[in-house]
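Worth knowing before you read on, the calculation uses all heavy atoms, side chains too, and leaves out hydrogens, waters and symmetry mates.
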Amino acid sequence: MKSKIKWGIIGPGNIADKFASSLQLVEDAEISAVASRTLDKAQKFADEFSIKNVFGSYDELFESDTADIVYIATPHNFHKDLAIKAMQSGKHVLCEKPLGINKPEVVELIEVAKQNQVFLMEGLWSRFNPSIKKVKDLIDEGAIGKVSYLHADFAFYALDRTMDSRLLNPNLASGSILDIGIYPIFLAYLILGKPKQILASSNFHSNGTELQTSMIFQYENAQAMLYSGLTSKSDMQAEISGSEGELFINPRWHEADGYTLVKNEETQKVDLPKQGNGFIYEIKEVHKCINAKKLQSDLWSHQNSLDLAELLDAVREKAGVKFPFEA
């Protein structure tokens with residue numbers, strides 16, 4: 001019987017809760033440890049998922065031999081330092097997106113991963129979603145001809161959150177761009193690559209938090225219209241249009257359970273129900289890479305994370321979005 005890969009959870013919040021639920025569905029995965037800044041919070045999470053190793057500090061988990069890989073699910077601004085400590089202790093890392101606040105952080109993280117010969121991947125779960133993988137394959141096969149238009153958005157109402165929440169506290173790298181804008185930007189990059197030019201405009205909270213951002217990615221023969229926001233809801237159906245047809249990814253497209261192909265006046269709806277809450281595909285990719293002794297994924301590589309960080313930086317620069325802790 002294949003030995004189980006032992007996972008440590010760093011930052012047991014809502015996303016970690018969903019992730020751990022998916023880990024329980026993976027046969028060769030074991031949730032072996034959890035760490036939080038407070039022991040009580042870690043213990044509560046441990047009780048929910050029957051985790052035997054519980055730590056009241058992140059360093060205690062890193063220094064222990066209780067995990068082969070850690071999943072980092074803290075607010076964005078803690079990602080880099082925690083991932084570096086984990087890798088320097090010899091642990092593989094799956095870090096929630098964004099991997100770093102900016103490109104220099106991502107460069108540093110990849111360097112540390114190489115130095116320590118450990119696996120590192122940004123937790124961009126949508127890349128492994130069956131519907132998004134299939135849509136990408138169809139486009140690559142020429143199913144809708146040459147793509148000239150892409151539209152994707154991600155919005156929900158967040159102004160009812162407390163001002164110290166990660167979405168509204170500038171010291172926690174708040175705002176829509178890094179939290180949810182990363183998804184439309186990722187889709188444009190996945191389908192069309194890096195644009196020639198980026199236009200972006202934002203509206204802000206009185207405390208400086210970016211609340212909504214519209215983006216145009218300009219390509220040689222295509223445009224992507226992208227949006228993220230915390231002041232409204234949106235349909236969240238992604239549309240990709242080409243010279244011979246259109247593809248629509250079901251709402252909410254970043255966690256889709258199917259797609260629609262419209263071509264030659266025919267409409268084909270395809271259901272691709274996802275297993276559990278959808279994190280399982282990302283986990284299986286990590287296991288596949290670790291078992292093959294690979295240090296990065298072919299589907300979402302270090303270079304992909306660098307490119308995405310560069311695009312996020314460009315959008316923030318164009319829209320005038322800067323965090324208080326940035327030089």
Within the supplied structure, the quantity of interest is the number of heavy atoms (other residues, nucleotides, ligands) at a distance under 6.0 Å from [X] [atom1]; does it exceed 12?
{"X": "K263", "atom1": "NZ", "result": "yes"}
{"X": "D47", "atom1": "CG", "result": "yes"}
{"X": "K136", "atom1": "NZ", "result": "yes"}
{"X": "E317", "atom1": "CD", "result": "no"}
{"X": "K18", "atom1": "NZ", "result": "no"}
{"X": "Q115", "atom1": "CD", "result": "yes"}

Considering only NZ, NE, NH1 and NH2 on the basic side and carboxylate oxygens on the acidic side, decide whether [X] and [Y] come within less than 4.0 Å.
{"X": "E255", "Y": "R252", "result": "yes"}
{"X": "K91", "Y": "D68", "result": "no"}
{"X": "K103", "Y": "E108", "result": "no"}
{"X": "K134", "Y": "E141", "result": "no"}

About how many Å separate [atom2] of [Y] and [atom1] of [X], when rounded to the nearest 0.5 Å?
{"X": "Q223", "Y": "N221", "atom1": "CD", "atom2": "CG", "result": "10.5 Å"}
{"X": "T213", "Y": "N203", "atom1": "OG1", "atom2": "CG", "result": "8.0 Å"}
{"X": "S234", "Y": "Q212", "atom1": "OG", "atom2": "CD", "result": "11.5 Å"}
{"X": "L312", "Y": "K97", "atom1": "CG", "atom2": "NZ", "result": "10.0 Å"}
{"X": "N291", "Y": "I5", "atom1": "CG", "atom2": "CD1", "result": "4.5 Å"}
{"X": "S214", "Y": "Y227", "atom1": "OG", "atom2": "OH", "result": "6.0 Å"}

(message) I'd like to check the side-chain hydrogen bond (donor to acceptor under 3.5 Å, both in side chains) partners of T74; sequence neighbours left out, ordered by chain and number.
(response)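 Once residues adjacent in sequence are excluded, T74 has no partner under the side-chain hydrogen bond (donor to acceptor under 3.5 Å, both in side chains) criterion.
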Using a 3.5 Å distance criterion without hydrogens, assess whether the side chain of [X] forms a donor-acceptor pair with backbone atoms of [Y].
{"X": "T66", "Y": "A33", "value": "no"}
{"X": "K288", "Y": "S297", "value": "no"}
{"X": "H79", "Y": "E96", "value": "yes"}
{"X": "D271", "Y": "P273", "value": "no"}
{"X": "E282", "Y": "W125", "value": "yes"}
{"X": "R316", "Y": "V321", "value": "yes"}
{"X": "S243", "Y": "K146", "value": "yes"}
{"X": "S301", "Y": "D298", "value": "no"}
{"X": "D17", "Y": "G13", "value": "no"}
{"X": "N207", "Y": "T209", "value": "yes"}

(message) So which atom in F204 and which in A319 form the shortest heavy-atom distance, rounded to 0.1 Å?
(response)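 The pair with the smallest heavy-atom distance is CZ-O, 3.5 Å.
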Would you say that [X] contacts [Y] through its side chain, given a criterion of any heavy-atom pair below 4.5 Å between the two side chains?
{"X": "D28", "Y": "H287", "result": "yes"}
{"X": "L261", "Y": "V270", "result": "no"}
{"X": "L82", "Y": "F62", "result": "yes"}
{"X": "M236", "Y": "F156", "result": "no"}
{"X": "L226", "Y": "I185", "result": "yes"}
{"X": "K6", "Y": "I31", "result": "no"}
{"X": "N77", "Y": "F325", "result": "yes"}
{"X": "H254", "Y": "I249", "result": "no"}

When you group the ILVMFWY residues by side-chain heavy-atom contacts below 4.5 Å and let the links chain together, are [Y] and [X] in the same group?
{"X": "V118", "Y": "Y58", "value": "yes"}
{"X": "L99", "Y": "I84", "value": "yes"}
{"X": "L94", "Y": "I101", "value": "yes"}
{"X": "L299", "Y": "V106", "value": "no"}
{"X": "L247", "Y": "F154", "value": "yes"}

In terms of side-chain heavy atoms, does [X] have a donor or acceptor partner in [Y] at a distance below 3.5 Å?
{"X": "Y189", "Y": "D307", "value": "yes"}
{"X": "E210", "Y": "S176", "value": "yes"}
{"X": "D257", "Y": "N250", "value": "yes"}
{"X": "S228", "Y": "D153", "value": "no"}
{"X": "D59", "Y": "S57", "value": "no"}

(request) Would you please test Y219 and K196 for side-chain contact (heavy atoms from CB on, under 4.5 Å) and show each step? (result) CA-CA 5 Å; Y219 296 87; K196 287 175 55 183; 5.7 Å; no
(request) Show your reasoning for whether side-chain contact (heavy atoms from CB on, under 4.5 Å) applies to L61 and I10. (result) CA-CA 9 Å; L61 191 155; I10 303 293; 4.0 Å; yes
Parallel, tilted or perpendicular: ring planes of [X] versus [Y], cut at 30 and 60 degrees:
{"X": "Y149", "Y": "H151", "answer": "parallel"}
{"X": "F186", "Y": "W253", "answer": "parallel"}
{"X": "F19", "Y": "F279", "answer": "perpendicular"}

(request) Just do the side-chain contact (heavy atoms from CB on, under 4.5 Å) check on I139 and I144 with the steps written out, would you? (result) CA-CA 6 Å; I139 290 166; I144 60 169; 4.1 Å; yes
(request) May I have all residue pairs that pass ring-ring contact (aromatic ring centres under 6.0 Å, His included) and include part of residues 90-124, sequence neighbours excluded? (result)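 Every candidate ring-ring contact (aromatic ring centres under 6.0 Å, His included) pair involving residues 90-124 fails, so no pair, neighbours aside, qualifies.
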(request) Evaluate the side-chain contact (heavy atoms from CB on, under 4.5 Å) criterion for residues F248 and E246: first the C-alpha distance (whole Å), next the side-chain angles of each, then the deciding distance (0.1 Å), finally the verdict. (result) CA-CA 7 Å; F248 299 89; E246 296 104 48; 3.7 Å; yes
(message) Checking K284 against E27 for the salt bridge (charged side-chain N to carboxylate O under 4.0 Å, His left out) test, could you report, in this order, the C-alpha distance in whole Å, the side-chain angles of both residues, the deciding distance, and whether it holds?
(response) CA-CA 10 Å; K284 286 184 173 178; E27 200 175 310; over 6 Å; no
(message) I need the single residue from Y71, W7, F128 that forms a side chain to side chain contact (heavy atoms under 4.5 Å, CB included) with V286. Which is it?
(response)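 The single option meeting the side chain to side chain contact (heavy atoms under 4.5 Å, CB included) with V286 is W7.
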